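Worth saying up front: this structure is predicted, and the values here are computed from it rather than measured. Reckoned from all heavy atoms, side chains included, excluding hydrogens, waters and symmetry mates. Whatever order the structure lists ligands and atoms in, that order sets their numbers, starting from 1.
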Amino acid sequence: MMKLGVNIDHVATVREARYRGQVHGEPDPVAAALVSEAAGAHGITAHLREDRRHIQDRDVLALRRQIRTRLNLEMADIPEIVEIALKLKPDIVCLVPERRQEVTTEGGLDVSGHFQSLEITRRRMNEAGIEVSLFITPDPVQIEASARTGSQFIELHTGAFAEAFAQPADRDREFQRLLEGARQAQSLGLQVNAGHGLNYENVHWMQRIPGLVELNIGHSIVSRALRVGMAQAVRDMLQAMAAVPEH
Ligand code: PXP
């Protein structure tokens with residue numbers, strides 16, 4: 001069964017819209033994480049950005065202390081954040097691009113272009129007992145480079161699939177790329193997660209990718225939570241992930 005990592009960044013986005021620069025404010029992403037766990041989420045994902053546009057340092061510290069499942073810290077491979085991660089000791093880090101030059105044309109991390117730095121960061125994280133995932137598009141070159149870094153996981157960028165979802169031919173092409181990318185990665189010994197743009201309508205397609213470990217989903221869950229509450233939104237997503245595909 002695929003696991004669900006709930007990304008709580010956008011809870012912090014709403015807080016920062018009103019309370020930027022203050023050390024309190026609502027809504028609280030940590031409270032949302034605890035509710036998500038109680039509703040069945042298998043892990044919590046948060047992105048500590050260099051510009052601190054949503055999640056703040058105090059949030060990741062509180063998450064580390066309080067959550068009981070798995071903490072997945074999304075982060076750029078930059079010295080300041082690497083040092084924070086090494087001290088924080090999340091269970092896993094997912095290295096993501098934040099700056100234009102780190103991104104492939106399609107939006108994932110350019111692993112082959114930043115191989116040396118990523119390999120060093122991967123090693124430092126692993127030595128601290130932290131697993132490493134790389135957020136990439138299903139591009140054979142990036143998958144092969146990811147395996148060479150020695151990372152434990154990749155997270156396949158599902159954004160192109162999600163954007164193409166309403167156009168069957170494009171959707172099927174993007175889905176095929178994800179399917180083949182997952183297969184290639186698994187044959188190289190990588191474990192495969194997926195995320196970005198997944199929602200209650202498209203998520204069941206992910207079942208058709210054999211061996212996917214975890215989906216990281218944020219925006220659609222936080223959006224639905226405005227209507228039904230966070231716990232119900234998480235339960236609905238777990239149900240949508242397990243729904244029988246119609247295709
Ligand atoms: N995975 C990664 C690596 C991401 O950067 C994001 C977006 O923050 C997500 C998953 C979640 O995407 P969404 O908010 O569209 O569900």
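- The shortest N or O to N or O distance between H10 and ligand 1 is not under 3.5 Å.
- Qualifying ring pair (Phe, Tyr, Trp, His ring centres under 6.0 Å) partners for H196, counting only residues two or more places apart in sequence or in other chains: H157.
- Taking a cut-off of under 4.0 Å to the non-hydrogen atoms of V96, the atoms of ligand 1 that pass are 3 (C).
- Between G197 and ligand 1, a contact under 3.5 Å exists for at least one N or O pair.
- H114 and S117 are not linked by any side-chain donor-acceptor pair at a separation below 3.5 angstrom, with hydrogens and angles left out of the test.
- Looking only at heavy atoms of the protein, atom 8 (O) of ligand 1 is closest to N7 ND2, 3.5 Å.
- Near E155, with a cut-off below 4.0 Å to any heavy atom, the atoms of ligand 1 are 1 (N), 2 (C), 3 (C), 10 (C).
- Distance alone, capped at 3.5 Å, places no donor-acceptor pair between the Q66 side chain and the L34 backbone.
- D57 and R52 are joined by a salt bridge, as a carboxylate oxygen and a charged side-chain nitrogen come within less than 4.0 angstrom of each other.
- A cation-pi arrangement, defined by a distance under 6.0 Å to the six-membered ring centre and an angle within 45 degrees of its axis, is present between R208 and F175.
- Residue E74 has at least one N or O atom closer than 3.5 Å to an N or O atom of ligand 1.
- When only interatomic distances are considered, the shortest N/O to N/O separation between H219 and ligand 1 falls below 3.5 Å.
- Between N193 and L156, the closest side-chain pair of non-hydrogen atoms is not below 4.5 Å.
- Between G218 and ligand 1, at least one N/O pair is under 3.5 Å apart.
- Both the sub-6.0 Å distance and the 45° axial angle are not jointly satisfied by R177 relative to the ring of F161.
- Atoms of ligand 1 lying under 4.0 Å from any heavy atom of N216, numbered from 1 in the order shown and given with element: 10 (C), 11 (C).
- Atom 12 (O) of ligand 1 has H196 CA, 3.4 Å as its closest protein atom, hydrogens excluded (heavy atom only).
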